[in-house]
2 protein chains.
Amino acid sequence: MTESYGIAELAREFDITTRTVRFYEDKGLLSPERDGQRRIYGPRDRVRLKLIMRGKRLGLSLEEIGELMDLYDADPSEVTQLTQFIDVIRARKSALEVQKQDIEDSLAEMTRIEKQCADLLQQKQGRNAAASEE
Amino acid sequence: MTESYGIAELAREFDITTRTVRFYEDKGLLSPERDGQRRIYGPRDRVRLKLIMRGKRLGLSLEEIGELMDLYDADPSEVTQLTQFIDVIRARKSALEVQKQDIEDSLAEMTRIEKQCADLLQQKQGRNAAASEE
DNA sequence: CGTGTACTTTACGTTTACGTAAACCTCCCC
DNA sequence: GGGGAGGTTTACGTAAACGTAAAGTACACG
């Protein structure tokens, strides 16, 4: 008895609408079972949705996310396919490295600004305290 | 004589279209000088464009990018503003931390897959070599 | 003066990722 | 058997981020 979910249940868990879940199916990112006309989602769909959400947080389009997930569960049999496959993965990885660097740069800048603000705040509060002391 | 650029020049440098540059201006992200009716971009615009592109690579919307850049060159005078300001920056930072974690997870998975592929490739090539040896 | 080259405004078109509404099942419960 | 609760399809609407003409301006060059 492998666990299964209704669409509302799944949507709630990921904090999205049922419309969105169906939309992802329409785009080929999910493929739930059916009980009559109702959709039944299994563990595989849950994992996929998790990957989709992560992809979105990274700013990927649904199409890119789909391609990535295809990579995840494809197994290339031919040697030529295999080497191409590796190339694709490496390209993807280096894109992520760029993004990681961007994030680190941004974090550094924001930390700098944050510190500036904290210093300024100290000064101002210091003066206020001094003013209310006499 | 502070360096300046035409729109085409700037667009070429960042590998975007002039339409895009004007669009960013329309959204309040750039504000070039004018020589008659023509736009003249200075160093400040270049820096801003660089920030915009980085924001886009991070998957931010133009609106979010605008807000971030506002943070960068605003200087909050009131203490209450200052503390709010710091809160905003911290929220932004923690969002970036999440994204960074997402990237690291993704990189780990992809590295795993890449290794799998490399092993598989070794095996296959090994067999091919053995087959062509006799 | 005509031709280019570079730039301008105006405006409608397009893709992505859904939102929102309408109209229809279907099972369960009182 | 009337009504929820939860699900379904169909389809039009929408915001963001530009693309893509169309038509005009401004200046240099032969």
Side-chain angles (χ1 to χ4, degrees), chain A residues 3-42 45-46 48-70 92 95 99 102, chain B residues 3-42 44-46 48-70 92 95 98-99 102:
Chain A
E3 66 218 293
S4 66
Y5 322 80
I7 191 170
E9 208 172 341
L10 197 65
R12 234 190 333 271
E13 182 181 347
F14 286 92
D15 197 32
I16 55 183
T17 67
T18 59
R19 170 69 171 106
T20 299
V21 177
R22 290 198 199 93
F23 182 75
Y24 291 162
E25 177 178 351
D26 206 57
K27 293 296 160 181
L29 301 180
L30 298 175
S31 39
E33 302 294 309
R34 292 273 178 157
D35 170 25
Q37 81 172 162
R38 303 172 97 131
R39 280 163 249 256
I40 304 292
Y41 298 89
D45 296 303
R46 263 208 43 181
R48 291 209 132 217
L49 239 183
K50 207 174 262 183
L51 287 175
I52 293 173
M53 299 316 280
R54 193 174 71 186
K56 294 216 71 188
R57 285 197 301 273
L58 293 180
L60 303 181
S61 71
L62 294 184
E63 194 177 344
E64 288 173 308
I65 292 173
E67 289 168 9
L68 274 177
M69 292 201 300
D70 287 352
R92 277 289 169 197
Q99 208 176 344
D102 283 335
Chain B
E3 66 219 291
S4 66
Y5 323 79
I7 190 170
E9 208 171 342
L10 197 64
R12 232 189 335 269
E13 182 181 345
F14 286 93
D15 198 32
I16 55 184
T17 68
T18 59
R19 170 67 171 107
T20 299
V21 177
R22 291 197 199 93
F23 182 75
Y24 291 162
E25 178 179 350
D26 204 58
K27 293 295 159 180
L29 301 180
L30 297 175
S31 39
E33 302 293 309
R34 292 272 179 157
D35 169 26
Q37 80 171 163
R38 304 173 95 133
R39 280 163 250 255
I40 304 293
Y41 298 89
R44 175 187 163 80
D45 296 303
R46 263 208 43 181
R48 291 209 132 220
L49 239 183
K50 209 173 259 183
L51 287 176
I52 294 173
M53 300 314 280
R54 193 174 71 187
K56 296 216 71 188
R57 285 197 301 275
L58 293 180
L60 303 181
S61 71
L62 294 183
E63 194 178 343
E64 288 173 306
I65 292 172
E67 290 168 10
L68 273 178
M69 291 200 301
D70 287 352
R92 277 287 168 199
V98 168
Q99 208 175 344
D102 282 336

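Throughout, a chain's letter reflects where its sequence line sits, starting with A, and its residues are numbered from 1.
- The distance between atom CZ of A/Phe23 and atom C1' of D/dT9, rounded to the nearest whole Å, is 16 Å.
- As a whole-Å value, the separation of B/Ile16 CD1 from D/dT20 C1' is 17 Å.
- Donor-acceptor pairing under 3.5 Å, judged by distance alone, is absent between the side chain of B/Arg22 and the base of C/dT8.
- Here the side chains of A/Met53 and A/Asp15 are not in contact, with every heavy-atom distance at 4.5 Å or above.
- In summary, of the residues considered (A/Arg57, A/Lys56, A/Arg54), a salt bridge (charged side-chain N to carboxylate O under 4.0 Å, His left out) with B/Asp102 occurs for A/Arg57 alone.
- Nearest-nucleotide assignment on DNA chain D puts the 5′-proximal partner with A/Ala8, out of B/Glu63 and A/Ala8.
- Taking for each of A/Leu62 and B/Tyr41 the nucleotide of DNA chain C with the nearest heavy atom, the 5'-most of the two is the partner of B/Tyr41.
- Nucleotide C/dA6 holds its C1' atom 15 Å from the CG atom of B/Leu10, rounded to whole Å.
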For A/Glu3 and A/Arg46, run side chain to side chain contact (heavy atoms under 4.5 Å, CB included): C-alpha distance rounded to whole Å, both residues' side-chain angles, the deciding distance at 0.1 Å, then the answer. CA-CA 11 Å; A/Glu3 66 218 293; A/Arg46 263 208 43 181; 5.6 Å; no
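- Of all nucleotides listed (D/dA17, C/dT8, C/dC18), C/dT8 comes nearest to the side chain of B/Gln37.
- In this structure, A/Arg38 does not reach the D/dG6 phosphate: none of its side-chain N or O atoms is under 4.0 Å from OP1 or OP2.
- For A/Tyr24 and C/dC18, the shortest distance from a side-chain N or O to OP1 or OP2 is below 4.0 Å.
- The side-chain heavy atoms of B/Leu60 and B/Arg92, taken from C-beta on, include a pair separated by under 4.5 Å.
- Taking atom CD1 on A/Ile40 and atom P on C/dT26, their separation rounds to 15 Å, with Å as the unit.
- Distances shorter than 4.0 Å separate none of the side-chain N or O atoms of B/Thr17 from OP1 or OP2 on D/dC18.
- Look at CG on B/Leu30: it is 14 Å from P on D/dA17, rounded to the nearest Å.
- If you measure from atom CG of A/Asp26 to atom C1' of C/dT15, you get 15 Å, rounded to the nearest angstrom.
- Atom CZ in A/Arg34 sits roughly 16 Å away from atom P in C/dC25 (whole-Å rounding).
- A straight line from CD of A/Glu25 to C1' of D/dT9 spans 12 Å, rounded to a whole angstrom.
- Taking 4.5 Å as the limit, every side-chain heavy atom of B/Glu13 sits out of range of all side-chain heavy atoms of B/Glu9.
- Across all strands, B/Thr18 comes closer than 4.0 Å to no nucleic acid atom at all (heavy-atom distances).
- The side chain of A/Arg19 places no N or O atom within less than 4.0 Å of a non-bridging phosphate oxygen (OP1 or OP2) of D/dT10.
- Of the side-chain N and O atoms in B/Lys56, one or more sit less than 4.0 angstrom from OP1 or OP2 of D/dC18.
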